[in-house]
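Notes follow once the structure below has been shown.
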Amino acid sequence: MSLDPKFFAREPVIVARDLIGVTLLLDGVGGIIVETEAYDPLDPASHSFGGKTARNASMFGPPGCAYVYRSYGIHWCMNFVAHKSRIGGGVLIRALEPTHGIAIMEARRGCERPKLLCSGPGRLGQALAITRALDGLNLNAPPFALSKRQKRFPVVVGPRIGLSRGVETPWRFGLKGSEFHSRGFPAT
DNA sequence: GGTATGATTGACT
DNA sequence: GTCAATCATACCA
């Protein structure tokens, strides 16, 4: 079951929270989203802050598409474009609980410990073989597959990771009690 | 044209 | 705990 097309046509913060518990597959490989971060164009930490550029063009495109960027020259990280009126916003997918194609992810990661397969944006990118070729693609069409969750999952909130600005904005969301977060969340 | 920087990870002291 | 890897992009000249 795919997501409603309007799912991503909302505030990034709302979408980030609602993505927790959704299953993400890329060519049949992936798992349950257990950690996300929201990036709003008014947020100085966001790539879309300051307007549209060559890198972040996808963030200003249609909601429900992918925005892929190179992090620290080493890793590929994936966002889901989410905003109203193409103002530039997105949700960083930080961690998955591996459920599909685990053997494939282990081979790509060179690691057999499930907790290290997708726990972090860079690891997730490597496990799913994310590349810039996916930038701008519709998440509701192959090779992507998003499965709507069947119930509401308990969500925890915390500060975002690795930022030099905007750290005070608590826009990181996680599936409560998950063993697959990239970092722990503050005790609730 | 040149330089600074980063939504990270993994290895090492 | 500290630090290097590595490069596309952004920004300045």
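By convention in this document, chain letters (A, B, ...) are assigned in the order of the sequence lines, proteins followed by strands, and residues within each chain are numbered from 1.
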| remark: Rounded to whole Å, CD of Glu37(A) lies from C1' of dT8(B) at a distance of 12 Å

| request: Carefully, step by step, assess His47(A) and Tyr69(A) under the rule ring pair (Phe, Tyr, Trp, His ring centres under 6.0 Å). | output: CA-CA 10 Å; His47(A) 288 174; Tyr69(A) 72 96; 4.7 Å; yes

| query | If you look at every strand shown and take non-hydrogen atoms under 4.0 Å, does Arg160(A) touch a base, only sugar-phosphate, or nothing? | reply | nothing

| request: Return no unless some side-chain N or O of Arg109(A) is found under 4.0 Å from OP1 or OP2 of dG10(B). | output: yes

| query | Is there a side-chain polar atom (N or O) of Arg70(A) under 4.0 Å from OP1 or OP2 of dA7(B)? | reply | no

| task | Please report, rounded to the nearest Å, how far the C1' atom of dA10(C) is from the CZ atom of Arg165(A). | result | 12 Å

| Going by distance alone, is a donor N or O of one side chain under 3.5 Å from an acceptor N or O of the other, for Glu35(A) and Ser182(A)? | yes

| message | Expressed as a whole number of angstroms, how long is the span from Asn79(A):CG to dT8(B):P? | response | 11 Å

| query | Does Ser71(A) put a side-chain nitrogen or oxygen below 4.0 Å from OP1 or OP2 of dT9(B)? | reply | no

| request: Give the rounded distance in Å between these two atoms: CD1 of Ile74(A) and P of dG6(B). | output: 14 Å

| task | Would you kindly check if the NZ (Lys) or CZ (Arg) of Arg10(A) is within the cone defined by 45 degrees around the ring axis of Phe7(A) and under 6.0 Å from the six-membered ring centre? | result | yes

| request: Kindly say whether, by distance alone, the side chain of Tyr69(A) makes a donor-acceptor pair under 3.5 Å with the base of dA7(B)? | output: yes

| task | Determine: side-chain N/O of His75(A) to OP1/OP2 of dT9(B), distance under 4.0 Å, yes or no. | result | no

| query | Taking atom types as modelled and ignoring hydrogens, do the side chains of Gln126(A) and Arg108(A) form a donor-acceptor contact shorter than 3.5 angstrom? | reply | no

| message | For Watson-Crick and G-U wobble pairs within 3.5 Å on both distances, what is DNA chain B written in dot-bracket notation, | included for inter-strand pairing? | response | ||||||.|||||.

| request: Using whole Å, report how far CZ of Arg132(A) lies from P of dT6(C). | output: 18 Å

| query | Starting at CG of Leu116(A) and ending at C1' of dT8(B), how long is that distance when rounded to a whole Å? | reply | 14 Å

| Length of the CZ-P vector between Arg172(A) and dT8(B), whole Å | 10 Å

| field | For atom CZ of Arg123(A) and atom P of dA7(B), their distance in whole Å | value | 18 Å

| query | Is Arg55(A) positioned over the aromatic face of Tyr67(A), cation under 6.0 angstrom from the ring centre and no more than 45 degrees off axis? | reply | no

| Do Ser48(A) and Asn56(A) have a side chain donor and acceptor closer than 3.5 Å? | no

| Think Lys151(A) forms a cation-pi with Phe153(A), using NZ or CZ under 6.0 Å from the six-ring centre and within 45 degrees of its axis? | yes

| request: Mind checking Gly122(A) for me? I need base, sugar-phosphate or nothing, with any heavy atom below 4.0 Å counting as a touch. | output: sugar-phosphate

